[in-house]
Amino acid sequence: MSGSTISYDIPGLERAINEHSKFILTCHVNADGDALGSTLGLKAVLARLGKKCSVIVPDLPPTTLLWIPGAKSAHAYEREISACDQLIEEADCIFMMDYNAHSRTGKLGEKLLSLDKGSKYWVMVDHHLDPVEKCDVMISNPEASATCEIIYDCLRNSIYKDQIDVTSASCFYTGIMTDTGGLSYNSSDPDLYLLVADLLRMGIDKSEIHDKIFNNKSVRRLRLLATSLKKMEVIPGTNVSLIPLSKPVLDKHRYMTGDTEGFVNIPLQAKNLVCSMLLMERPDGIKVSLRSKGDFSVSEFASKYYGGGGHFNASGATMKMAFEEAVEVLKRDMKEYYTAMYGEENKIKEQE
Ligand code: 5GP
Ligand code: MN
């Protein structure tokens, strides 16, 4: 089995699919390639089985990911609350894909929490640390590169393996590529490459998918990237960088959801930096994205200071305060966290 020695509850997944007929597939806010790939790929499999199935995402997916097969059919909860509520009421089985706590799904999570738990069959398929919700079937593996890796691994070893087609395979491949930066991080497991080989054998167009994921930026978006790098600062006394993107800056660049996807990884190209942070002023607070290299845990930082979470090397949180204050608080807290970890000595002398 790919990812680790964990053995997945494949009989549980088969039961969930076999014994139910109306499915809701949900994912976390700010859906990314893995969240959309895993829900839409599974939806394609369920559709081939003649099951009724809707994908409900908490908010509008970024336009840069709308090419993923089926993405335009996903319902954005925030935009169509009553229609989504009806679909949820009618469903007999709900999948939590690529998240493990209802708090990660905004208003959709409030609806899911309000349901009589026993009235639905719940399945979790996820690769984040420390699952919060308890589901009838729990398929959770924090060592997996992506939720797409897990769901594909389960399906290909299940009685439904013949229902995986080139459409669902393309979805699953997309999630693995986006969550690993094109197999550059979180992708050291040799078995993952056998799994990717299987996906390639399904006939997916690897070059086309790669282009759609990585070479899809508008000139406007590249200019926002240029501004972001110009604004990047290294927190004094640390090897940690910070990119502050306030509302006026985002407005000036006519920001749209998804525009900054991948930006937070770029400062880690500097050989001395161990952690990169991106702050964005959003209507619901200040969104912080964190990425790190090696043994620097950003999930611990995000959860300890701001109640956020994610993965060891990729995490996030929301800060509820004014933007300028958030920038200062983040600098102060990170300096404290960094110093506790490395001491004052281990800082680089100069970032050139
Ligand atoms: P991103 O920076 O791409 O939004 O998120 C990086 C990772 O951290 C993703 O796996 C995402 O699910 C997780 N994450 C982002 N924000 C939060 C948050 O506020 N709480 C928790 N628990 N996880 C988060
Ligand atoms: Mn993921």
Side-chain angles (χ1 to χ4, degrees), residues 3 25-42 57-59 61-62 64-65 68 95-106 109 124-133 139-153 171-181 183 185-187 192 213 228 242-243 245 257-268 275-280 282 284-292 297-320 326 330:
L25 312 182
T26 58
C27 65
H28 57 76
V29 286
N30 302 317
D32 54 15
D34 191 30
L36 287 171
S38 56
T39 48
L40 296 167
L42 178 58
V57 298
D59 44 1
T64 47
L65 292 176
I68 300 178
F95 274 73
M96 299 172 62
M97 307 289 291
D98 202 32
Y99 73 101
N100 62 29
H102 290 316
S103 57
R104 293 285 297 129
T105 59
M124 180 190 294
V125 185
D126 181 50
H127 69 137
H128 292 88
L129 296 163
D130 306 325
V132 173
E133 314 304 340
I139 302 179
S140 164
N141 178 10
E143 294 187 8
S145 66
T147 298
C148 279
E149 175 193 331
I150 304 175
I151 187 65
Y152 176 60
D153 203 8
C171 292
F172 299 142
Y173 180 80
T174 298
I176 296 171
M177 287 305 122
T178 51
D179 261 22
T180 61
L183 295 176
Y185 44 81
N186 286 343
S187 49
L192 174 61
I213 295 173
S228 301
L242 177 143
I243 296 174
L245 295 178
T257 311
D259 276 353
T260 54
E261 190 66 41
F263 284 14
V264 66
N265 294 307
I266 294 174
L268 293 181
C275 174
S276 160
M277 306 193 287
L278 179 86
L279 263 87
M280 296 213 303
R282 301 268 281 266
D284 57 340
I286 314 301
K287 173 159 172 44
V288 192
S289 280
L290 302 106
R291 301 291 184 273
S292 66
S297 171
V298 283
S299 52
E300 184 190 324
F301 176 74
S303 66
K304 181 172 163 192
Y305 286 87
Y306 314 117
H311 309 283
F312 192 90
N313 292 125
S315 69
T318 299
M319 299 169 77
K320 302 272 185 191
L330 194 64

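We count ligands from 1, going down the list as the structure has it; atoms in each ligand are counted the same way. Numbers here are sequence positions counted from 1.
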Exercise. Side-chain donor-acceptor pair under 3.5 Å between Asn186 and Ser145, yes or no?
Worked result: no
Exercise. Do the ring planes of Tyr152 and Phe172 sit parallel (below 30°), tilted (30 to 60°) or perpendicular (above 60°)?
Worked result: tilted
Exercise. So which protein residues pack against ligand 1 under 4.0 Å, heavy atoms counted?
Worked result: Arg104, His128, Lys287, Ser289, Arg291, Gly308, Gly309, Gly310, His311, Ala314, Ser315, Gly316, Ala317
Exercise. Judged by atom type as modelled, is there a donor-acceptor pair below 3.5 Å linking the side chain of Asp98 to the main-chain atoms of His28?
Worked result: no
For this session: Under the side-chain hydrogen bond (donor to acceptor under 3.5 Å, both in side chains) rule, collect the residues that match up with Asp179, sequence neighbours excluded.
Result: His127
Seminar exercise, completed: Those residues at least two apart in sequence (or on a different chain) that pass salt bridge (Lys or Arg N to Asp or Glu O under 4.0 Å) with Asp259 are Arg220
For this session: Write down the atom of Thr39, the atom of Ala35, and the distance for their closest heavy-atom approach.
Result: OG1-O, 2.8 Å
Problem set entry | Shortest non-hydrogen contact from Arg291 toward Val264 | CG-CG1, 3.5 Å
Seminar exercise, completed: A correct count of protein N/O/S atoms found below 2.8 Å of the Mn ion (ligand 2) gives 4
Exercise. Roughly how far apart are Asn141 CG and His128 NE2, rounded to 0.5 Å?
Worked result: 12.5 Å
Problem set entry | Any side-chain heavy-atom pair of Asp126 and Ile150 under 4.5 Å | no
